[in-house]
Number of protein chains: 2
Amino acid sequence: MPQKISENIQDYLKRIYEFTLSGSRASTNQLAQALGISAASVTNMVQKLSKTDPPYVTYEKHQGVKLTPFGQQAALKIIRRHRLIEIYLVEKLGYTWDEVHAEAEVLEHAMSPLLEKRIDAALDHPKFDPHGDPIPDINLEIPEIEQTALSSLEIGNKGRVLRVPNEDPQVLRYLGKFGIRPGAHIKLISRTPYDQTMRIKITETGNEAVIGPSLGNKISIAKDS
Amino acid sequence: MPQKISENIQDYLKRIYEFTLSGSRASTNQLAQALGISAASVTNMVQKLSKTDPPYVTYEKHQGVKLTPFGQQAALKIIRRHRLIEIYLVEKLGYTWDEVHAEAEVLEHAMSPLLEKRIDAALDHPKFDPHGDPIPDINLEIPEIEQTALSSLEIGNKGRVLRVPNEDPQVLRYLGKFGIRPGAHIKLISRTPYDQTMRIKITETGNEAVIGPSLGNKISIAKDS
DNA sequence: ATCATAATTTAGGTAAGCCTAATTTTTATC
DNA sequence: GATAAAAATTAGGCTTACCTAAATTATGAT
Ligand SMILES: [Mn+2]
Ligand SMILES: [Mn+2]
Ligand SMILES: [Mn+2]
Ligand SMILES: [Mn+2]
């Protein structure tokens, strides 16, 4: 039943993958918002995806969806392409890290297996995209990496940035300005009591930056031991 | 009326452009065959394209279509992207010239203005694609180049290859085997009387190749004076 | 000029993906 | 446990871009 997988379906699967990484199910509304379409349309599509011959998702009414192993493979295939494109654009075509996500969102659907192979080879099999997200290897495997949220760092403690949120160009430009990027070493200076706003110091640049708690939750770090 | 131009429409316009280069109109059947769809579908689409606010084509029942200046600009935009992609893949990603057309046919629709600019710059504003077809410049202008069909060469005379047909990988591999590529110098050795099959010698490689008349008509050369 | 054939158009349908409005189910609060 | 709000689903439609079959128009050979 699922021969050629449409661009729309590819994006659905990718979103479902992201929302179910933590183990929970992806809700209809969550997907509708992320994809910029109505909840009714999502219900429709999700029902379809649960009825293909090997189904892409398991779906229970009002309970949200999860990817089947089959659906997960399909999702990882696109995620691999997306992240390869991002790092290629930065490394080979002079893109900044805030420009690549939107571009990859489109190109991922137009990438042939051959192009994927050539780009992967040209970059010598890169392991991470520009935002620190791991690139599934040719067998679609992703290494497990120990990581915690920046928000969970204690005052005075240090860490190394592993990944930053990758979708919002404004946020990326803000982070880039201070040198907050994968590999950067940071130290938590202070945290305000009520709204939990953090001041952090970036070792490499000497900068200090202010990070709110919601952004802090989306930045992953490795805590210095 | 014509805000976002669909991938399908882009391909229609490109085909119409090709078929009307000689000044004649593109026929319904011609387009149907080239696009791999039914004649009825083509009729439908060209009627639509002739009714947009600035129309893309002029259409008269049973008389075929031509591009309006507006439609021509739209076509050239995609042709530019197509050819830039082809040369980029060859120059930067190790593609052979028979692999790039199919790839470009898809990628051309996924290329942003920014990517177009970056690729153009990375190649230092290339003027020709791997098959010798001219790349419209940033203003969508194409230089006029004096060229004749290989078939029109006289026995014993010489010429320089300017462009070869670009769609059929088999043909390209055949030509490549003998070194028949843009820039190659050739000499017509003989032409059989009935079926007009030609034997040509390629200076650079010393090879001799047999070229039938229909292929010979699709290879453009500059005749040596 | 006639008439068969080829080319094109019209008519009527389908599938994918989206929409809004109405309805149903779940959930959270009193 | 009733009930209001939120979440999800169903129902009915729409657009794009295809299709086949039937009807029409153009063409070219007698
Ligand atoms: Mn991304
Ligand atoms: Mn996408
Ligand atoms: Mn081409
Ligand atoms: Mn195309």
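Numbers restart at 1 for each chain; the letters A, B, ... are given by sequence-line order, proteins then strands.
- Overall, the helix from C:dA1-D:dT30 to C:dC30-D:dG1 carries an axis bend of 0° between its ends, with five pairs at each end and the value rounded to 10°.
- Residues passing the salt bridge (charged side-chain N to carboxylate O under 4.0 Å, His left out) test with B:E167, sequence neighbours excluded: B:R15.
- Nucleotides of DNA chain C lying under 4.0 Å from heavy atoms of chain B occupy a range whose first and last members, 5' to 3', are C:dA7 to C:dT10.
- A donor atom on one side chain and an acceptor atom on the other are found under 3.5 Å apart for B:T96 and B:D98.
- Under the salt bridge (charged side-chain N to carboxylate O under 4.0 Å, His left out) criterion, A:E60 pairs with A:R25, not counting sequence neighbours.
- Remark: B:Y88 pairs with A:Y88 by the side-chain hydrogen bond (donor to acceptor under 3.5 Å, both in side chains) rule, at least two apart or across chains.
- Among residues two or more places apart in sequence or in another chain, the side chain to side chain contact (heavy atoms under 4.5 Å, CB included) test is passed with A:V210 by A:Y174, A:T197, A:R199.
- Phosphate proximity of D:dC18 to B:N8: present, with a side-chain N or O under 4.0 Å from OP1 or OP2.
- Residues forming a salt bridge (charged side-chain N to carboxylate O under 4.0 Å, His left out) with A:E108 (at least two apart in sequence, or on another chain): A:K14.
- Every pair passing side-chain hydrogen bond (donor to acceptor under 3.5 Å, both in side chains) that includes a residue from residues 112-123 of chain A is listed here, sequence neighbours excluded: A:R80-A:E116, A:R80-A:D120, A:R81-A:E116, A:S112-B:E103, A:D120-A:H125.
- Note on residues 26-40 of chain B: no pairs pass salt bridge (Lys or Arg N to Asp or Glu O under 4.0 Å), not counting sequence neighbours.
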Check nucleotides 3-11 of chain D for protein N or O atoms closer than 3.5 Å to its own N or O atoms and list the pairs.
unit_1	atom_1	unit_2	atom_2	d
D:dA8	OP2	A:N29	N	2.8
D:dA8	OP2	A:N29	OD1	3.4
D:dA8	OP2	A:N29	ND2	3.3
D:dA8	O3'	A:H62	N	3.4
D:dT9	OP1	A:Y59	OH	2.2
D:dT9	OP1	A:H62	N	3.0
D:dT9	OP2	A:T28	OG1	3.0
D:dT9	OP2	A:T43	OG1	2.8
D:dT9	O5'	A:Y59	OH	3.4
D:dT10	OP1	A:K61	NZ	2.9
D:dT10	OP2	A:Q47	NE2	2.7

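- Taking atom CG of residue B:L49 and atom C1' of nucleotide D:dA17, one finds them 12 Å apart after rounding to whole Å.
- Applying the side chain to side chain contact (heavy atoms under 4.5 Å, CB included) test to B:A26 and every residue at least two apart in sequence or in another chain returns B:I16, B:F19, B:T20, B:Q30, B:L31, B:V65.
- Evaluation of the side chain to side chain contact (heavy atoms under 4.5 Å, CB included) rule for A:N166 yields A:H101, A:H131, A:D133 as partners, not counting sequence neighbours.
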